[in-house]
2 protein chains.
Amino acid sequence: MDILVTMSTSERPRKRGRQAEAARNDRRLLAAAREVFTSQGADAPVSAVAERAGVGIATLYRRYGTKEELLQKLTVSAAEQYSEAARTALAAEDPWEGLAGYVRECVDFGPGSLAPIAGTVRFTPEMAEAGRVSDRLADEVVARAHAAGVLRADATTIDVFLVIEQFSRRPPVPTPADAHARERLVALVLDGLRARPDNTDFPLPGRPPSAERYDELWRRD
Amino acid sequence: MDILVTMSTSERPRKRGRQAEAARNDRRLLAAAREVFTSQGADAPVSAVAERAGVGIATLYRRYGTKEELLQKLTVSAAEQYSEAARTALAAEDPWEGLAGYVRECVDFGPGSLAPIAGTVRFTPEMAEAGRVSDRLADEVVARAHAAGVLRADATTIDVFLVIEQFSRRPPVPTPADAHARERLVALVLDGLRARPDNTDFPLPGRPPSAERYDELWRRD
DNA sequence: GTTTAACGGAGCATTCCACTCCGTTATTTT
DNA sequence: AAAATAACGGAGTGGAATGCTCCGTTAAAC
């Protein structure tokens, strides 16, 4: 780690010296936080984040006054990533490939799903806003697929969210093999989501889940 | 809770008094342990188990000398439950309904999937044996579905396990709405697992996952 | 050479948790 | 009815983990 710090000046020629190190640490910390909290859950030790970022604890606390603050920022950042994935999906030519890609990307982004954090931090206005945007975009992706008749009619945006959420639950220490397995399972689910002539023979059970449930997941503080 | 204890004598006429209470506590403790550990993970406090069972901590420790011992017993009991579900599946007339029922039952049994515990306890011979039996039975269920041509050809027993494992990952405090959502998602996956003429157009990506990965999950102590 | 900005990590106070100990309560035996 | 037995509950203990602070160090900037 000493080595890293020593080498630091040569990495990004834009800024130099301490300022460059600081900028790099900014990014590293967020990435590390994402990996740690999404894989180990919200009560992973803050020290683990610092360690993973190759940085002292104080350096972390200089940026985020508190663990909760870090988690909140993380949430916003993740929602933005979801939005980005949705925009990519909307830009795709084929509506089905768009949707499928959206789901895959969100799931892959994996360390990014914040389901494990849900309910452990207070809801900030910033989080609410980012969530609204991301939700709306996801709606568009799903609506487009529906309009094209490629998505089974009885599946809703919430169902898609639930898929992503479920597959974002990961073991504490994921292995490469896990990723492969997940890929197969996601393919399986996507296959189930596809519009087919026999869909009416095997309808999804019950009523479509309401958005409330999903919101609640986050609201409860 | 006082009430429960007081009422105790009337519940099971077989045995009476303290012995009956003890027998009841035996069952309650295992059930409570299952619910707690599977929903909150293996490092849920032992006290939570006792509380959920409506029993003092000492009562728990009188039966299981240590937390690890409790987890190990739990594992065995879960494997047996899986085996039982497989036997039910094999007894079903329709091979597809058998398989679908197996998956649903294992997932529902949910508090029963021990994925969250994997890797946190030492592997006992008893666990190994129970696992072997359960694996073999699951193989039979899948083989029967394959033989009947109702399960997509590129899906393996391991895939089925992975489905169950993935859907057994639950939020810490599951709500009734969660159960409903899960039901829909499982239906989706099952629909994806069904043999269809167009299966070859959308094959599962990659090679079938090896059993090793699944074993490793448990072996690492 | 001095000031300043960023860093690292030991240490503190606190919480949490597995497990023990002992007094209480209810049944069974004599 | 009294003594012995069996099961129970839960406060208490020691130790480990964790969020956060404080301060000495290092390196860029002036």
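In the text below, chain A, chain B and the rest are named by the order of the sequence lines, each starting its count at 1.
- Not counting sequence neighbours, the partners of Glu126(B) by the side chain to side chain contact (heavy atoms under 4.5 Å, CB included) test are Val76(B), Thr124(B).
- Put simply, Asn25(B) has no side-chain N or O that comes within less than 4.0 Å of OP1 or OP2 on dA7(D).
- Taking atom CD of Gln19(A) as the reference point, atom P of dA29(D) lies 7 Å away to the nearest angstrom.
- Atoms OH (Tyr64(B)) and P (dA18(C)) sit 16 Å apart, rounded to a whole Å.
- For Ala48(B), the side chain to side chain contact (heavy atoms under 4.5 Å, CB included) criterion is met by Val36(B), Pro45(B), not counting sequence neighbours.
- Not one side-chain nitrogen or oxygen of Thr59(A) sits closer than 4.0 Å to the OP1 or OP2 atom of dA6(C).
- Of all heavy-atom pairs between Tyr64(A) and Lys73(A), the closest is CE2-CG, 3.9 Å.
- Under the salt bridge (charged side-chain N to carboxylate O under 4.0 Å, His left out) criterion, Arg104(B) pairs with Glu97(B), not counting sequence neighbours.
- Atom CZ in Arg28(A) sits roughly 11 Å away from atom P in dC7(C) (whole-Å rounding).
- Per the geometry, CG belonging to Leu60(B) stands 16 Å off P belonging to dA7(D), to the nearest Å.
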Pick out the pairs of N or O atoms, protein on one side and nucleotides 18-24 of chain D on the other, that lie under 3.5 Å.
unit_1: dG19(D); atom_1: OP1; unit_2: Lys67(A); atom_2: NZ; d: 2.6
unit_1: dG19(D); atom_1: OP2; unit_2: Val46(A); atom_2: N; d: 2.8
unit_1: dC20(D); atom_1: OP1; unit_2: Thr66(A); atom_2: OG1; d: 2.8
unit_1: dC20(D); atom_1: OP2; unit_2: Tyr61(A); atom_2: OH; d: 2.8
unit_1: dC20(D); atom_1: OP2; unit_2: Lys67(A); atom_2: N; d: 2.9

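- One interatomic measurement links the two molecules: CZ of Arg24(B) to P of dA26(C), which rounds to 14 Å at whole-angstrom precision.
- Checked against side chain to side chain contact (heavy atoms under 4.5 Å, CB included), Ala187(A) has the following partners two or more places apart in sequence or in another chain: Leu204(B), Pro205(B).
- Remark: Arg63(A) is in phosphate contact with dC7(C), judged by side-chain N or O atoms under 4.0 Å from OP1 or OP2.
- For the side chain to side chain donor-acceptor pair (under 3.5 Å) test, residues two or more places apart in sequence or in another chain that qualify with Asp154(B) are Arg152(B).
- Between the CD atom of Glu21(B) and the P atom of dT25(C) there is a distance of 14 Å, given to the nearest Å.
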